[in-house]
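Inspection log for the structure reproduced underneath, given as structure tokens.
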Amino acid sequence: MKRILVLSNGHGEDSIAGTLIEALYVADAHVEIEVMPLVGGGHEFEEWSLNTLLKNPVFPSGGFIRTFSDLCKDIRAGLLRHIWKQYKVIQRTAKTMDAVICVGDVFCLVMGTMGHRIPAYFLPTAKSDRFMPHSWIEKIWIKYRCRAVFPRDSQTAKTLSQYGIHATYLGNPMMDVLGSAGDRFGFLPKQPVVGLLPGSREEAYENLVYFFTCVQALAQQYPYGLGFICAKARSLTYDMIQVHCEPLGWILTHDGTEGSLSHPLHHITIIITEKFADVLHVSSVLLGLSGTANEQAVYYGKRVICFEGFGPQSTLQRFSEQKKLVGEGLIVVHPRDVQSIVQTVMQCLQRPALQTNQPDTSPFSKAAHAIVTHIRGQAI
């Protein structure tokens, strides 16, 4: 029996790690897996009945540090003590592992490979030659600590290979999670639908509140037949959604997983679901203040309209970087203004759909299975 430690640092990275875990179980039913999300609650791993090695507190940055101020706030909240605790847990666990798979940025890789020499495999989801190339010092660590690296695009794989790193592009595993069950949530086949992607971290609640204002304006502008649906991350709770929506007159009903928000005064209903792939399938255009979900939506062939949100994950800098990565499918509205957002949505509804043949992003690549096959071929 092989024992594998899987590290990730982000909600999107948790989802990617989940597809790898599924592929590992398919390849070897007797494999034993331990998971360690470095940020967040690791809710994506519940599907495989895997308990995380350590529970993570919620820091002011939500685990998304982009400025010195973000770092200082997290340090005051106990970040350094928690990182040390994570490191000790990883070191203790690694002694009994046959391999470690790190999904995320180089910090995730450093945490997963420092202090031991078990085979390490790296999926660098946070960087690409298209918008944020790896630095020389990052390349040195990757080169000497990884048995194999699986970048998110072929361009980055080529650059890393030229540096002497064992980098192979086998498809973008973030697209492997998009197997739609075909649920249309009662929407008609040709009905225009606006999807909402508020994000997965604490700021998502404030993002959602601003979405409410946009939805009300859209309903007035397009009063007949426009549908609304929100993709809820598992890290968000209905209790907190209710806290934020009730003062605004919205009524929440849910069964723990699926739900809806209705506003009697404006006669609007927003469906809430955790079926992310189905949300992409039925949506004509999306308002997106998310990370990985924004990218997945564009790669799926949908236009995503974003603007400055209410936290470190939804900054204009972040969306500028995303646009370099995914192209014209991501539309940035600046400054943040409801009427400008509504006008952009209306324009997108009148335009033809995007082409889905984006390079390196086939929704059917099954990259996770290819990566696992590659890892097994290297005899962990």
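All residue numbers refer to positions in the sequence shown, counting from 1.
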side-chain contact (heavy atoms from CB on, under 4.5 Å) partner of L7, chosen from V35, I90, L53, L109 = I90

Passing candidate, side-chain contact (heavy atoms from CB on, under 4.5 Å) with S15, options E44, R234, H43 =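 Of all the options given, the one that passes is E44.
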
For the ring pair F228 and F211, is the centre-to-centre distance below 6.0 Å?
-> no

In terms of ring plane angle, is the pair F310 and Y210 parallel, tilted or perpendicular, where the classes change at 30° and 60°?
->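 Ring orientation of F310 relative to Y210: tilted.
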
Any idea how Y205 and H244 line up, ring-wise: parallel (<30°), tilted (30 to 60°), or perpendicular (>60°)?
-> parallel

Identify whether [X] and [Y] are in the same connected component of the hydrophobic contact network (ILVMFWY, side-chain heavy atoms under 4.5 Å).
X    : Y    : answer
I251 : I229 : no
I140 : M114 : yes
V58  : I241 : no
V26  : I375 : no

Between the side chain of [X] and the main-chain N/O of [Y], is any donor-acceptor distance below 3.5 Å?
X    : Y    : answer
S128 : F131 : no
D98  : R3   : yes
N56  : G41  : no
H263 : L248 : yes
R318 : P312 : no
K127 : M132 : no
Y238 : T257 : yes
K275 : D183 : no
Q86  : L38  : yes
T19  : I16  : yes

Near [X] [atom1], under 6.0 Å, is it more than 12 heavy atoms from other residues, nucleotides or ligands?
X    : atom1 : answer
K139 : NZ    : yes
H82  : NE2   : yes
E328 : CD    : no

Without hydrogens or angle criteria, can the side chains of T125 and E13 be said to hold a donor-acceptor pair below 3.5 Å?
->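 Yes - a donor-acceptor pair under 3.5 Å links their side chains.
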
Is the shortest heavy-atom distance from the side chain of F59 to the side chain of V39 under 4.5 Å?
-> no

Are side-chain heavy atoms of I118 and L5 found at a separation under 4.5 Å?
-> no

Can you name the nearest heavy-atom pair linking [X] to [Y], along with the distance?
X    : Y    : answer
F185 : I271 : O-CD1, 3.5 Å
D14  : P37  : OD1-CB, 3.9 Å
N294 : C306 : ND2-CB, 4.4 Å
Q313 : G291 : NE2-N, 3.8 Å

Test D28 against V372 for side-chain contact (heavy atoms from CB on, under 4.5 Å), laying out the working first.
-> CA-CA 10 Å; D28 185 355; V372 166; over 6 Å; no

Using 0.5 Å steps for rounding, measure from the [atom1] atom of [X] to the [atom2] atom of [Y].
X    : Y    : atom1 : atom2 : value
T52  : M36  : OG1   : CE    : 8.0 Å
I305 : L289 : CD1   : CG    : 11.0 Å
E321 : L316 : CD    : CG    : 11.0 Å
I83  : F107 : CD1   : CZ    : 4.0 Å
T156 : Y169 : OG1   : OH    : 10.0 Å
W250 : Q242 : CH2   : CD    : 14.5 Å

Checking side-chain hydrogen bond (donor to acceptor under 3.5 Å, both in side chains) for the pair S262/T269: CA distance, chi angles, key distance, verdict?
-> CA-CA 4 Å; S262 59; T269 298; 5.3 Å; no

Please collect all ring-ring contact (aromatic ring centres under 6.0 Å, His included) contacts where either partner lies in residues 133-163, sequence neighbours excluded, each pair once.
-> F150-H374

How far apart are the C-alpha atoms of Q155 and D129, what are their side-chain angles, what is the distance that settles it, and do they pass the side-chain hydrogen bond (donor to acceptor under 3.5 Å, both in side chains) test?
-> CA-CA 7 Å; Q155 182 179 334; D129 277 14; 4.6 Å; no

Listing, residues 344-353 side-chain donor-acceptor contacts under 3.5 Å, not counting sequence neighbours, or none:
residue: T344; atom: OG1; partner: S340; partner atom: O; Å: 2.8

